[in-house]
Amino acid sequence: MTGLPAPSQRKLGLVIDLDTCVGCHACAVACKQWNAGGIAGPLTDENPYGAEPFGVWFNRVHSYEVAGLGTRDPGLRRQDAGANGEAGPKGGAQERSVLGKAQAESAVPMTVHFPRSCLHCETPACVTVCPTGASYKRASDGIVLVDEDKCIGCKLCSWACPYGAREYSAVEGVMKKCTLCVDRIYNEQLDETERVPACVQACPTRARHFGDLGDPDSDVSKLVVERNGRDLLPELGYKPTNKYLPPRPRRAGATTDATPVTPSSAGESLDANQLPPVLRWLDRVLSR
Amino acid sequence: MNPAFSVILFTTLSGAGYGLWFWWVLDAFSLGMARIGPERWFAWLLAAAVGGVLVTVGLLSSVFHLGKPARAWRAFSQWRTSWLSREGVASLLAYAAFVACFAGLYFGRSDLAMGASITLAVIALATVCCTAMIYACLKTVPAWRQPLVLPGYLLLALHTGGLVHVALFVLAGVQPALSAQSLAILATTSLACAWVKEGYWHAIDRIELPSRAAATALEGFGDVTPFERPHTEANYLTREMGFVVARKHSRKLRLFVLLLLTIVPLLALLASALLHGAAVFALPLAALAALAGAFVERWLFFAEAKHVVMVYY
Amino acid sequence: MSEPKLDLSPSPSDEVKTTTCYMCACRCGIKVWLKDGSIRYIQGNPAHPVNKGVLCAKGSAGIMQHYSPARLSRPLLRVGERGKGEFREIDWEEALSIATAWLKPIRERNPDELAFFTGRDQSQALTGWWAQQFGTINYAAHGGFCSVNMAAGGLYTLGGSFWEFGEPDWEHARYLMLWGVAEDHDSNPIKLGLGKLKARGAKIVSVNPIRSGYGAVADEWIGIRPGTDGLFAFALIHELLRTDRIDLDYLVRYTNAHHLVIDDPGAADDGMIARDGEGRALCWDRLGSSPSPGEREGVMDRADSATPPQPSPSEEGEGAENQAYRHALGVVAEGAFVDADAPGISPAVVGEYTLPDGRRARPVFHLLAQRYLDPQYSPDAVAARCGIPADTIRRIAGELAQAAFDSGLTLPIAWTDTHGRRHEEMIGRPVAMHAMRGIAAHSNGFHTCRALHLLQLLLGAVDAPGSFRYQPPYPRPIPPANRPGKARRADGTLDAGPLGYVHGPEDLLVDANGAPRRIDHAFSWAYPLAAHGMMHATIRNAWAGDPQRIDTLMMFMANMSWNSAMNTAETMCMLTDKDARGQYKIPRIIYADAYASEMVAYADLVLPDTTYLERFDAISLLDRPISDADCAADAIRHPIFDSATQPDADGRPRDVRGFQSVLLDLGARLQLPGMVDAADAPAYRDYADYMVRHQRAPGVGLLAGWRGAEGTLEGKGPPNPKQLEAYIAHGGFWHAPIPESARYYKMANRDYLAWSQQMGFIGKAEPVVLQIYSETLQKFRLAARGHGPVQPPERERARVEQYFDPLPIWYAPFEGEQVEEQPVESSLSSAGKARGERAAECTNAYMSSAASPATPPDGDRGRFPLSAITQRPMFMYHAWGSQNAWLRQIATRNYLYVHPDTAARYDIADGDMVNVDSHNGRITVQARCVGNVQPDTVWTWNAIGKRRGAWRLAADAPEGRQGFLLNHLIGDRTPKGDYVNADPVTGQAAWFDLRVRIERAAVHDEISSQPQFPTISVGNVSPDPLRYGAAFRKR
Ligand SMILES: Nc1nc2c(c(=O)[nH]1)N[C@H]1C(S)=C(S)[C@@H](COP(=O)(O)OP(=O)(O)OC[C@H]3O[C@@H](n4cnc5c(=O)[nH]c(N)nc54)[C@H](O)[C@@H]3O)O[C@H]1N2
Ligand SMILES: Nc1nc2c(c(=O)[nH]1)N[C@H]1C(S)=C(S)[C@@H](COP(=O)(O)OP(=O)(O)OC[C@H]3O[C@@H](n4cnc5c(=O)[nH]c(N)nc54)[C@H](O)[C@@H]3O)O[C@H]1N2
Ligand code: SF4
Ligand code: SF4
Ligand code: SF4
Ligand code: SF4
Ligand code: SF4
Ligand SMILES: [Mo]
């Protein structure tokens, strides 16, 4: 059974928007609670209140720093250093001489939050390496699952997954993984609007999208096209179904036409050099 | 990768066991079954039995490495895709051939015994190849997906099996049939081990894991470095895949491997060849050293291998 | 190939109940799915106005909170020494009798000897009332150490505020500036909103020394240096004024920008707004040349006697300004003084005018323009101090203006202003701002908050489409009408709730000598506008008996011996310190908690509360409402479980009670007015009964929905006995959408104000004039100058004069200034002297003092060159998340995050242990190098560190061994020791003023943070694996 089924029409998966994810871990915990009591439960926690808590999670949220191109530019560092002293009001000029505008703004690094769960790959070795057939990919919708009744807990599939999506529980003796909430998305006992994965439903920024990536007209497929959705580690050839939308370019600089505004109505009759600037508003006819 | 004791023990012992069986078959075969004189029976049986014990202890230790040992039988089902399954099947076949071999002898069917023993030799090596392929097929562990992994596994099996083989014979007080050749062959495997392992280490030292940017869909944004892990404490991935051995330790350990796998056996072989009576001490020593060397080598094989998933951490 | 058969439609539950989450104070709606009598799943309620179906990490971990092994099981009476955690279990009758016996004599003797302080809860509508009925002035909730600067800054300026009383217009904003926001109380609404802005491509700017969370997704991160936001705001204001990109029409319509400020140095009304005989503010109407009485509506009588503007008489020669006036006079020769609120006038916003009584006055705007156009607030002048390049400041100002004025956003919604004028559309100003404790938790936070409001007002961006919006019941009159209670009535009750908004010096709680009356010194001359009280000053003052000894400290839901205390080690010592007779200096402590927190160990009597799924709660509009800008809303919690059926971790039945019900019971036992009926029997069965039947004013109760006997009334109406049933049937919440025409310009929108009045939110449907210039503040200043019946004592005059500037000011946060002012050696000792000796010797046992190196390690940077701040982790709620088996796995320990350049400067490598010194002491913790922080700032997550043994975590749990609190370093007094470490206007705790220095610690083999306190032993939890959910899975 660990042979892979012919690629299905329907490819259910997630699209995760790294531009919007604030790293709140809601998806991770919602996943944990749904699945703890679901078809893949329990998600056992060893040492839950002790020194080395060690639990099964299907979804984990990383945070990274992305050094802006040029972060290591000495200019920025000198600016940092320059701004450290209580230079007071006069510090500005000196600082500006060190730090050109373009330089400062191109150097802006980013923090990126990155949730990681099973990508329900098209050609996943996690399935083919499995000696028992416990690991399988559903022919109808491409969801990759573990049949815990067959699993012998050899862990080989977890070695074969490049994305760290498999979680072995020594207590349970079997492998576990993201089920794409297969017991929610088809669950007729749930309100139709709630038939989405737990992580998608919980995500407070709505950075997670669920749908059929095999259908080019689905919302998720369109989103992927529009936002240039990416595969993780495509060179490994696993052909992940889930896609990640990269951060949009940061707009620290001139997105808006931010050329200093010219005083629009600094009274032409007043000589700004001679008058206290306050009086520019003296002739303004306002209406209440 | 976390060097799990049971897996290391398994690959080391079962490798040696299959190697031993291979030599045992070759030895018997080169003499012709019929010419195993009564004075050799004991040694011959001993080698067969020790081979069986090594293989079995190895296999058992691998079964107990499983989360659900009682379901181990299920592992024979996926031989079409899974090297682990194939390894299981091969190990079964090896037992079968082994049993057939004795059955042939018992029933006086030396042709059967002959056929079975040749099969056994082939399957023994095939099993070792399957074991190697379990690792070598994983794209996720670039250090394992190396051309020298398969030869390495084979060679070490032959080397350790061969040394055990000759050692058992001298302990049993007889010369293996291929006495002179054996020593020469083992001297060669000793050197080959060094050569293959050096080549392997040279290769893996130059491996780079994929970039973190590629792993996080952030290519083109700049250097990606971890800020916070999903959990401050260990998790399954960091324990299982996150094992790292310090470079300076690994350098020391590699020397140690060469010493045990190559230098000690070579010296022992030399001593046995040149000094009368030394063999009875030297060869067992060589075998033990090689086994220990293989064990350390296997430990390093895991400990030095970096799993792709660790780029996320 | 056969795939296993899966049950794809397992029944997720036997039953679904809807209630309100209380894993934090955001109060989202939840659906709790029950199976076999336990919780299968908690999900967001899609129908709920707060969270619209989403759920945060904490909310999703509710299962582990409800079943937490740290839950308390039954009342506890202390048997050992206080602080050791040795208790005897008692039953409720004994517990309540003891409490009654303690409190009754206090009530008879002097109710102020009870100090009642509540923490994280939102039942202040009950607890405040209870305190009032008990008669103590010594009541407060936790707002004083939380965000009162945001609340007061807003309420004294806008009649509403950031915090959770307002929100960005998520639907229309095109530019959002987040100032010092990590998480806020509006956790899910903000995240939902950010998602919307992102989807729309609006620009988000995060002003924050740290770039994480919301800052991470922002388009632009402005890594400001802590405590300098006011300067940055002023520079933006400077630029907007300089380039004349301001909304003057908005200012004169909705603010007091055109009100005339009397300029009469030395007079009792100097700096007050000029008013007519009826007290109406005056302005100069440029079109009002010769108004005949009655010709224009609303123009006061004296207007026709107005004199044209006069050049200011020059005292010593003629300055440029006067020449300018003279020159300008040709332009505006005509005009009249008129009611500033009159419609159809054309008010002057600059100039100097001679009032009918001959005194001079200038419009508020004139004063503000004069102040903020000063070169000291130019981008170049503030850039270095704020750590923001001047060009960036100029660019941001340009972007703000562009977004506000050039967007062309209008909503085709007709509305009517309070003058009855109909407007066909609503003009948008799609620049929204939101700010939180990054602004609030500094000693200059009140003024900084006002500075931000000023910035918004100049952009016309308060309650315009696309901008910051009020949430009902706001806006309210400025300042809000309710003043703090001061005196006791004959029946012993206080004449008003103990907290409120002072309108002037006469409302302060000071004695004849001007000394504080309250135990926390709130509403004293040192912290006059302390609208939320000052819980952070309570323990020290109670210990010191300042201004008086108290008998009993009663606290609820506040971990005051740990993460909500400043100067934690000394606080613990004060809690256990004894006088010469061997009596505790704080004689009695009653504490209500639901879990085995650090504070429990310091109580004499512990009243165990229920979990949030076991009790009734009211999320009331009288309290901290959950309304959003488009609707008023309130909600309830109701018992999903009977606590008696929910055994503790050891399998024993729990006997716990909802604290609110306990409080009412206690009130009845004490025969408190309102809590007993005519026959002296308890007036309310329990809290649920109170929620339904209690009326604050006729028709006004805790819940606004389904009022009236038939349940048909909203807002106001007689009690409805079936009200709770109605709430439960409706998902636990009520919400009333604001009519569409009433959704913006609420401060002057006739429909809104009428609706608000009808709902009972405001007394009169009068416009709220937004106060750029605060007369309230000026009143204090005048008192400091010797005017009025209530004046500050001599030692406070200069302080009041300085910090009660009616226009926003900026000053450096106190700690940074004071630690550098003092000579190296004397810092600690003089501080020690100033505040009396440290509480008992014991403090020193835990806290090593900051070593004072002969040469400051950082030379010219100062002795404490770095700012140290905390942030809320999104997945943890203060202390109480760590008991949660799931949440604690995310962060079981915390690190001190240091910028790599800074680390390099101090020779610190990633993972090193470092000593962190402040004027208050030293901690030793593990450092991590990260680039997402302004280099002069170090930071860590708040409240991850736990005291060993608390929360029933194993004694070797990383929370206790490696985790740490920054609080040990934060003084509860300023370094000089003369005041609470707080804002001088509101008393808001200045957590983020902390300044430190770091150095690499001697190498430790084993990572263990310092200081460590004795382990609290509240029993161990089984180390067995937790297999929650296993039982649900059918095999
Ligand atoms: N360094 C630093 N310190 C800070 C801050 C900071 O930013 N930095 N922030 C400050 C701020 S703003 C705040 S608000 C405080 C918060 O600090 P605290 O108000 O102390 O908040 P918690 O520790 O979350 O919770 C208080 C107690 O409520 C208990 N509790 C939880 N649920 C219930 C319940 O249902 N019933 C009862 N009776 N008790 C319950 C918990 O067990 C806990 O003991 O921390 C302050 N401390
Ligand atoms: N998940 C979660 N949510 C919570 C809480 C919780 O414990 N956990 N607590 C609740 C409570 S009680 C409160 S009071 C709110 C607080 O909500 P927030 O105010 O959003 O929370 P803080 O973490 O105090 O955030 C302060 C932010 O200001 C930044 N900052 C510090 N100093 C400065 C400064 O000088 N200038 C600027 N611009 N920024 C600065 C910090 O880096 C941080 O990002 O959160 C509430 N919500
Ligand atoms: S992400 Fe990993 S576990 Fe999931 S399908 Fe791909 S390889 Fe398999
Ligand atoms: S652990 Fe289970 S699912 Fe994974 S490969 Fe082994 S048998 Fe298959
Ligand atoms: S799809 Fe379901 S199982 Fe997978 S990560 Fe999301 S919540 Fe977890
Ligand atoms: S819930 Fe959404 S925003 Fe939060 S970490 Fe997950 S994907 Fe990111
Ligand atoms: S923000 Fe989270 S914890 Fe707070 S009430 Fe909402 S769901 Fe509950
Ligand atoms: Mo707070």
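Residue numbers start from 1 in every chain, and the chains themselves are labelled A, B, ... in the order their sequence lines are given, proteins ahead of strands.
Checking side-chain atoms of Arg71(B) against main-chain N and O of Thr132(A) turns up no donor-acceptor pair under 3.5 Å. Proximity of a side-chain donor or acceptor of Lys139(B) to a complementary backbone N or O of Leu236(A) within less than 3.5 Å is detected. Counting only distance, with no hydrogens or angles, the side chain of Lys68(B) and the backbone of Cys154(A) share no donor-acceptor pair below 3.5 Å. The main-chain N or O of Pro162(A) is never found under 3.5 Å from a side-chain atom of His307(B) such that the two would form a donor-acceptor pair.
More than 12 heavy atoms of other residues, nucleotides or ligands sit less than 6.0 Å from atom CZ of Arg206(B). Heavy atoms from other residues, nucleotides or ligands lying under 6.0 Å from CZ of Phe256(B) number 12 at most. Few gaps surround NZ on Lys11(A); more than 12 heavy atoms of other groups in view lie less than 6.0 Å from it.
Here Gly153(A) is the residue among Gly229(A), Gly153(A), Ala28(A), Ala165(A) with the most heavy-atom pairs under 4.5 Å with chain B. Ranked by heavy-atom pairs under 4.5 Å with chain B, the list Ala125(A), Gly55(A), Cys161(A) is led by Cys161(A). Of the listed residues (Thr140(B), Leu237(B), Val141(B), Val309(B)), the greatest number of heavy-atom pairs within a distance under 4.5 Å of chain A belongs to Thr140(B). Comparing Pro53(A), Pro247(A), Ala170(A) by how many heavy-atom pairs each has under 4.5 Å with chain B, the most go to Pro247(A). Ranked by heavy-atom pairs under 4.5 Å with chain B, the first of Glu167(A), Arg116(A), His113(A), Glu52(A) is Arg116(A). Each of Leu218(B), Val7(B), Val63(B), Ile134(B) has some count of heavy-atom pairs under 4.5 Å with chain A, and the biggest count is that of Leu218(B).
The side-chain heavy atoms of Ser82(B) and Cys130(A), taken from C-beta on, include no pair separated by under 4.5 Å. Residues Glu65(A) and Val224(B) fail the side-chain proximity criterion, which asks for heavy atoms closer than 4.5 Å. A 4.5 Å side-chain heavy-atom check between Phe221(B) and Pro246(A) finds at least one atom pair inside the cut-off. Side-chain contact between Leu232(A) and Thr216(B): absent, with no pair of heavy atoms (C-beta onward) separated by less than 4.5 Å. The shortest distance between side-chain heavy atoms of Arg74(B) and Lys150(A) falls below 4.5 Å.
Distance CG/Asn235(B) to CH2/Trp57(A): 10.5 Å, rounded to 0.5 Å. In this structure, the separation between OG1 on Thr128(A) and CZ on Arg80(B) is 13.5 Å, given to the nearest 0.5 Å. For the atom pair Cys151(A) SG and Leu66(B) CG, the distance stands at 9.0 Å (nearest 0.5 Å).
Between Val129(A) and Cys137(B), the shortest heavy-atom distance links the atoms CG1-SG, 4.3 Å. Between Tyr64(A) and Pro226(B) the shortest heavy-atom distance is CD2-CA, 3.6 Å. The nearest pair of heavy atoms linking Gly67(B) to Tyr168(A) is CA-OH, 3.0 Å.
Of the two parts of Glu235(A), only the side chain, counted from C-beta on, holds a non-hydrogen atom closer than 4.5 Å to a non-hydrogen atom of chain B. Residue contact with chain B, scored on non-hydrogen atoms closer than 4.5 Å, involves the side chain of Val112(A) exclusively. Only the side chain of Glu233(B) comes within less than 4.5 Å of a heavy atom in chain A; its backbone stays farther off. For Ala214(B), the parts lying near chain A are the backbone and the side chain together; criterion is any non-hydrogen pair under 4.5 Å. Contacts between Trp79(B) and chain A at a heavy-atom distance below 4.5 Å are absent for every atom of the residue. Neither the backbone nor the side chain of Met310(B) comes within contact range of chain A; no heavy atoms are under 4.5 Å apart.
Residue His231(B) is tested with Arg60(A), His25(A), His62(A) for a side-chain hydrogen bond (donor to acceptor under 3.5 Å, both in side chains); the sole match is Arg60(A).
Of residues 83-100 of chain B, those residues lying under 4.5 Å from chain A by any heavy-atom pair are Leu84(B), Ser85(B).
Ring orientation note: the planes of Phe114(A) and Tyr312(B) are close to parallel, at an angle under 30° on the 30°/60° scale.
Tyr236(B) and Ser158(A) form a side-chain donor-acceptor contact under 3.5 Å, judged by distance and modelled atom types alone.
Ion pairing between Arg166(A) and Glu240(B) fails under the 4.0 Å rule for side-chain N and carboxylate O.
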